[in-house]
There are 2 protein chains.
Amino acid sequence: MTNYAMIVSYDGTRYEGWQKQTRTKETIQGKIEDALLQVTGEVCQVNGAGRTDAGVHAKGQCANFRLPFQVPADKLMDELNRALPDDIGIMSLKEAAENFHARFSSSGKRYRYRIRIGSLKNVFERRYVWQLGKPLDVEAMRKAARILEGTHDFTSFTSNRHMKKSAVRTVEEIRLTEEEGELRIDYTGDGFLQNMIRIMTGTLVEIGEGKRSADDLATVLEGKVRAEAGFTAPAAGLTLLRVFYD
Amino acid sequence: MTNYAMIVSYDGTRYEGWQKQTRTKETIQGKIEDALLQVTGEVCQVNGAGRTDAGVHAKGQCANFRLPFQVPADKLMDELNRALPDDIGIMSLKEAAENFHARFSSSGKRYRYRIRIGSLKNVFERRYVWQLGKPLDVEAMRKAARILEGTHDFTSFTSNRHMKKSAVRTVEEIRLTEEEGELRIDYTGDGFLQNMIRIMTGTLVEIGEGKRSADDLATVLEGKVRAEAGFTAPAAGLTLLRVFYD
């Protein structure tokens, strides 16, 4: 078997997320597996590094799959791109080491959450940005982000009520930048729980709106109760930017 | 009556163009007039500078309308933006001179046509860029563009077979720039005939593909026969960037 790794971009708007579910649901993984079957005649399982939610986008998702034969990677990429719908693109594809697995080999990920804080509509980016449309106290949000950074039990920040494994994760950096009426929050970490970034974002926005104080956050983390954290920010604002490998 | 002028942005993908037609067709003008009725209670006619085709976008469309009373322009703009769908945005709105008319007062316009010439899919910009996906001889296209610039009878470059008025227009500049796998063609002129930019673009692309020589263009202009020019490039690649007023 030959192992192939690829970088995938997608506009997640019309999909039920990355992970293949029932046959009737439209998923990114499902679409790529369909394209692989069409192009190679092989039924492959495509492993994605991040199982992005319904409506979440990716610029740099990483995925791998195995084929029982070798094919020129450039040609395979071209044919896959032609077979895929125009909201999914393979940006690079190459042979990978035999034991490479997009999810298990990954050492970290970076996600970006985009929020329109200016009053001007941006009609062209509307599918990729949460259209909040009002100013936020970004300094208060930065102060709060410092409390979330580091290694913590993030039970308060996940929608998964049946966590069997540890909810301890390391958030290496939360960086907030303002540009052209938009606030971008870049989250870099070793891994994120289900909905964790959207709940962290919702919580930071409540702080930016003055509805919640940054100092509460340490208590919220310690409490390990989902209801103590803020609301889940909309999926459309979130994009998986990059997956890291050592 | 108070005259108001505004700058409008829209993603034209799902519309039958700017100009209001029958009541069942979705048009930008129709949507803005509906929003004005909802917000002000007045039936207004909205005059747009450029009557963009179905599927064509705008970043800087200019339009005006009259109200029988004065309202704070900022407040009116906010309420219109809330009443409008999220693919149409009013970017600025202010009182205008009594005799200002967005179309008749305009001295020129600039349109941008975007073509993806690189092999990489750009899934996020796919609605605004023609996905050609192969390289073009941009130098040959630049040479051809020099022939189209200037004052000519553009009968060969319009789909309007029943031109009652003159087809003479002045194209001040056609500028080609390449960036990130994309060719951008910016057309600046005093006015453009129906489909004129899309036919000029189709013709330039045929030259860039080597299917047609730049030297033919003078003959095509002189011939005044639509069939002599190239095909009509897809609407999705075209955006009205800016309208000029003296």
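A, B, ... follow the sequence lines: proteins, then strands. Residue 1 opens every chain. It should be emphasised that the depicted structure is a prediction, and the values quoted were computed from it without experimental measurement.
- Put simply, the side chain of B:Met77 reaches to within 4.5 Å of the side chain of A:Leu120, judged on heavy atoms.
- If you measure heavy-atom distances from B:Ile90 to chain A, the contacts under 4.5 Å come from the backbone alone.
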Cross-chain donor-acceptor list, chain B and chain A, 3.5 Å limit, no angles:
from	atom 1	to	atom 2	distance (Å)
B:Asp11	OD2	A:Arg126	NH1	3.0
B:Asp11	OD2	A:Arg126	NH2	3.4
B:Asn81	O	A:Lys121	NZ	2.8
B:Leu84	O	A:Lys121	NZ	3.4
B:Pro85	O	A:Lys121	NZ	3.1
B:Asp86	OD1	A:Arg126	NE	3.3
B:Ile88	O	A:Lys121	NZ	2.8
B:Lys121	NZ	A:Asn81	O	2.8
B:Lys121	NZ	A:Leu84	O	3.4
B:Lys121	NZ	A:Pro85	O	3.1
B:Lys121	NZ	A:Ile88	O	2.8
B:Phe124	O	A:Tyr128	OH	3.2
B:Arg126	NE	A:Asp86	OD1	3.3
B:Arg126	NH1	A:Asp11	OD2	3.0
B:Tyr128	OH	A:Phe124	O	3.2

